[in-house]
Novice: 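Here it is, the structure, as structure tokens.
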Amino acid sequence: MKEQLRQIIKTALTQLISQKSLPELVLPEIQIDRTKDKSHGDFACNIAMMLARQAKMNPRQIATLLIEELPETKFITQVDIAGPGFINFTLSADAAQEIVKTVLQAGEQFGQSQLGAGKSVQVEFVSANPTGPLHVGHGRGAAYGSAVSNLLSTAGFKVHREYYVNDAGRQMDILATSVWLRYLEACGEKLVFPSNGYKGDYVLTIANDIKTEQGDTFVKAVADVFESVAADEPAGGDKEQHIDDLIAKAQDLLGDEAYRQVFDAGLQSILSEIRQDLSDFGTDYEEWFSERSLMEMGVVDKVITQLKAVDMLYEQGGAWWFRSTQFGDEKDRVVVRNNGQTTYFASDIAYHLNKYQRGFDTVIDIWGSDHHGYIPRVKASLAAAGEDVERLKVLLVQFAVLYRGSEKVAMSTRSGQFVTLRELREEVGKDAARFFYVLRSADQHMDFDLELAKSQSNDNPVYYVQYAHARVCSVFRELSERGLAWDKAEGEQALSRLTEEHEQAIMSMLSRYPEVINSAAVNYTPHLLAHYLMDLARDFHTYYNAHQFIVDDHGLSQARLTLITAVKQVISNGLGVLGVSAPGTM
RNA sequence: GCGCCUGUAGCUCAGUUGGAUAGAGUGUCAGUUUCCGAAGCUGAAGGUCACAGGUUCGACUCCUGUCAGGCGCGCCA
């Protein structure tokens, strides 16, 4: 519709210029906006004001000329000039009703478009370290990432959802060592658990499982384990050195194979919990990509060799540094530590190059906002490798600050004090949690009040939207109880009977849906869709209270039933994109 | 100190990429069912869009500065 308006305005303008009614102009992009106020018609165009300066004419004067030159169309009944020079268009009733048929014909596919033209997009999100269960902080990334993915795929992009598993590196070694020490305790050994180890209950569970399955296979004397290990922080030492020494001891005493078994027991246990949690949360992936596989395939080493070859790395203090300052980063970054170990950054360079090589047109990373300082160096590494930096988009998700009532909840994975995503889902429900997370724009800090979410979950706006859907279903239940039926063809025939203000508002709202989807997809803003659904639900509830759908006037009744079926379809489609269910009863 | 994000109603937040009289939810108050689900609907009250300049037909939106909050600045991941 907007496109059609744009066309007729454009032809009118070129006509005016060739008639010399207007001087030669550089035509800007013609903007068509939906009006906020019903009294301004359905669509508004500000072109007259934009041209006023160039043409050295009064905007209202331009608008008058333009209107006279507009061709006759069936879909517009009225054109007005308003305010400083807005041109307002009012849609004909026929054109407005057309949307109801369009919705019903497209069904579940209503809202889909070819905007993406089949271009491929990879979306990587959540990607939490498998050192513990997912907590509520990860929930926002999961809800946002999957909503963005669904939006893109609805808008015609080919989407590849991916979880990057950090199954290598020091944090995982700390986890493996934590598990082993808990295992030793489970086997009756007495020891002081390191202050920097993972203290969550899940570590005990994993340790006990190992004991059940493997017995005392991995038991070593505690005296040997702690022999010549640097002091821990509470004892006046350095907690980092302490845990690093313990890791070395674990690897040494257990040997490669046994250490790997303990390591994998922890990794697999936690990873399978994470997969389960995400799946239950309605978040599914095409691929789980292992960091370790990059290392084992030698990709990381290869990248380092390549960077050395083009003089992008230099040695200093026994470590190898990447010249990221040449690409605008604040300082150069270490990729190989002086102990020979590659850093997380090194594998991340390899990972991103690998993403590029897989040929995605666009690569999207969704990170917690605390990682924003990391963006320049990743982009720098891509530039250094001669890749197009614009293909990578990093979307940041601000933290949700947790509250219990008015009290802030402290969160720390290491200390094991947090609310898990699973607890949240079990108490609040998947639908409410997902909708709540996606209701705010991602770059907005968010307060997440657990008390509110748990105890007063009926206040969650998701129920308002779902209720609209359930209400439509309920009307149809009532219909069949009265021995009546809805006839789609008859209803579509009678759409011209829908003349009430409420009905027109709903039809206008329905026609906005495809625009909302596209806009939300292109801007990565699922909250637009959430707000749209609330608006649509409100229009429906208002309509419901103002008018009866099952009435004696047969044609009118059929037309109204047709309209609310379209509403139900759009709500169901929209909630589906957000990963929220649309129940028939509540 | 430098960088990124944010500042809109008592509270939680939108604001269609610069448009018309700044909007919802929640909370408060007042109404609403012999009628398809009251998890609903109707109305009232509530604002110096942090502050000060600038850009133009027009600014919550763009630019500069100030103030306030969050986050980040490791041979951690």
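Per chain, numbering begins at 1; letters A, B, ... match sequence-line order.
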Novice: More 5' along RNA chain B: Asp332(A) or Thr585(A), using each one's nearest nucleotide?
Specialist: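 Its nearest nucleotide being more 5', the pick is Thr585(A).
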Novice: If rC35(B) has a Watson-Crick or G-U wobble mate with both distances under 3.5 Å, name it; if not, just say none.
Specialist: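 Because no pair has both required distances under 3.5 Å, rC35(B) counts as unpaired.
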Novice: Nearest to the side chain of Tyr344(A), which nucleotide is it out of rC75(B), rA77(B), rG19(B)?
Specialist: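 Within the option list, the nearest is rA77(B).
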Novice: Both distances below 3.5 Å, Watson-Crick or wobble geometry, any strand: find the nucleotide opposite rC2(B).
Specialist: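 Partner of rC2(B): rG72(B).
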Novice: With the side chain of Gln171(A) defined as its heavy atoms from C-beta on, choose the nearest nucleotide among rG40(B), rC73(B), rA77(B).
Specialist: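 Within the option list, the nearest is rA77(B).
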Novice: Rounding to an integer number of Å, can you tell me how far Met534(A) CE sits from rG23(B) C1'?
Specialist: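 After rounding, the reported distance stands at 12 Å.
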Novice: Evaluate the criterion side chain to side chain contact (heavy atoms under 4.5 Å, CB included) for residue pair Leu395(A) and Asp365(A); output intermediate values, then yes/no.
Specialist: CA-CA 6 Å; Leu395(A) 308 180; Asp365(A) 287 351; over 6 Å; no
Novice: In the structure shown, which nucleotide is the Watson-Crick or G-U wobble counterpart of rA52(B), with both distances under 3.5 Å?
Specialist: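 Base partner found: rU64(B).
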Novice: For rU16(B), which nucleotide is its Watson-Crick or G-U wobble mate, given both distances must be under 3.5 Å?
Specialist: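 Looking at the geometry, rU16(B) pairs with no nucleotide.
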Novice: Rounded to whole Å, how long is the line connecting atom CZ of Arg538(A) with atom P of rA14(B)?
Specialist: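 Taking CZ of Arg538(A) and P of rA14(B), I get 16 Å after rounding.
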Novice: Can you tell whether the side chains of Arg471(A) and Glu478(A) come within less than 4.0 Å, N to carboxylate O?
Specialist: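 Result for this pair is no, no salt bridge flagged.
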Novice: By nearest atom, which of the nucleotides rU42(B), rC75(B), rA39(B) is closest to the Tyr463(A) side chain?
Specialist: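 Of rU42(B), rC75(B), rA39(B), rA39(B) is nearest to the side chain of Tyr463(A).
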Novice: Let's test this: given Watson-Crick or G-U wobble pairing with both distances under 3.5 Å, identify the partner of rA45(B).
Specialist: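 For rA45(B), the partner nucleotide comes out as none, under the 3.5 Å rule.
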Novice: Please check the phosphate of rU42(B) (OP1 and OP2 only) for any side-chain N or O of Thr542(A) closer than 4.0 Å.
Specialist: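 Indeed, a polar side-chain atom of Thr542(A) lies that close.
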Novice: Look at the side-chain N and O atoms of His541(A) and state whether any lies under 4.0 Å from the OP1 or OP2 oxygen of rU42(B).
Specialist: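 Negative; the distance criterion is not met.
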Novice: Considering only atom C1', compute the distance from rC76(B) to rG65(B) and round it to an integer number of Å.
Specialist: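 Per the computed distance, 37 Å lies between those C1' atoms.
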Novice: May I ask you to verify if any side-chain N or O of Arg471(A) is less than 4.0 angstrom from the OP1 or OP2 atom of rA39(B)?
Specialist: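 It does not, given that no N or O in the side chain of Arg471(A) lies less than 4.0 Å from OP1 or OP2 of rA39(B).
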Novice: Side chain of Ala319(A): nearest nucleotide among rC75(B), rC41(B), rA20(B)?
Specialist: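 In terms of side-chain proximity for Ala319(A), the closest of rC75(B), rC41(B), rA20(B) is rC75(B).
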Novice: In whole Å, measure the gap between the C1' atoms of rC13(B) and rU8(B) for me.
Specialist: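 Their C1' atoms lie roughly 9 Å apart.
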Novice: Taking the minimum atom-to-atom distance to the side chain of Met586(A), which one of rA39(B), rU16(B), rC71(B) wins?
Specialist: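 It is rA39(B).
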Novice: Using OP1 and OP2 only, check whether a side-chain N or O of Lys36(A) sits under 4.0 Å from rG23(B).
Specialist: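 It does not, given that no N or O in the side chain of Lys36(A) lies less than 4.0 Å from OP1 or OP2 of rG23(B).
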Novice: Among rC76(B), rC73(B), rC75(B), find the nucleotide with the atom closest to the side chain of Lys331(A).
Specialist: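 Within the option list, the nearest is rC73(B).
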Novice: Under 3.5 Å for both donor-acceptor distances, Watson-Crick or wobble: does rC11(B) have a partner, and if so which one?
Specialist: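 In the structure as shown, rC11(B) has rG25(B) as its Watson-Crick or wobble partner.
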Novice: Verify the stacking flag for His372(A) against rG72(B): centroid separation must be under 5.5 angstrom and the ring planes must differ by under 30 degrees.
Specialist: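 Whether judged by distance or by angle, His372(A) falls short somewhere, so it does not stack on the base of rG72(B).
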Novice: Considering all heavy atoms of both residues, which atom of Asn338(A) and which atom of Ala319(A) are nearest to each other, and what is their separation?
Specialist: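 Residues Asn338(A) and Ala319(A), closest heavy atoms: N-CB, 3.9 Å.
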Novice: How many whole angstroms separate atom CD of Glu291(A) from atom P of rC76(B)?
Specialist: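 About 14 Å, once rounded to whole Å.
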Novice: Can you see whether Gln171(A) engages Tyr198(A) through a side-chain donor-acceptor pair at a distance of less than 3.5 angstrom?
Specialist: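 There is such a pair between these side chains.
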Novice: Round to the nearest Å and state the distance from Gln548(A) atom CD to rG37(B) atom P.
Specialist: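 After rounding, the reported distance stands at 10 Å.
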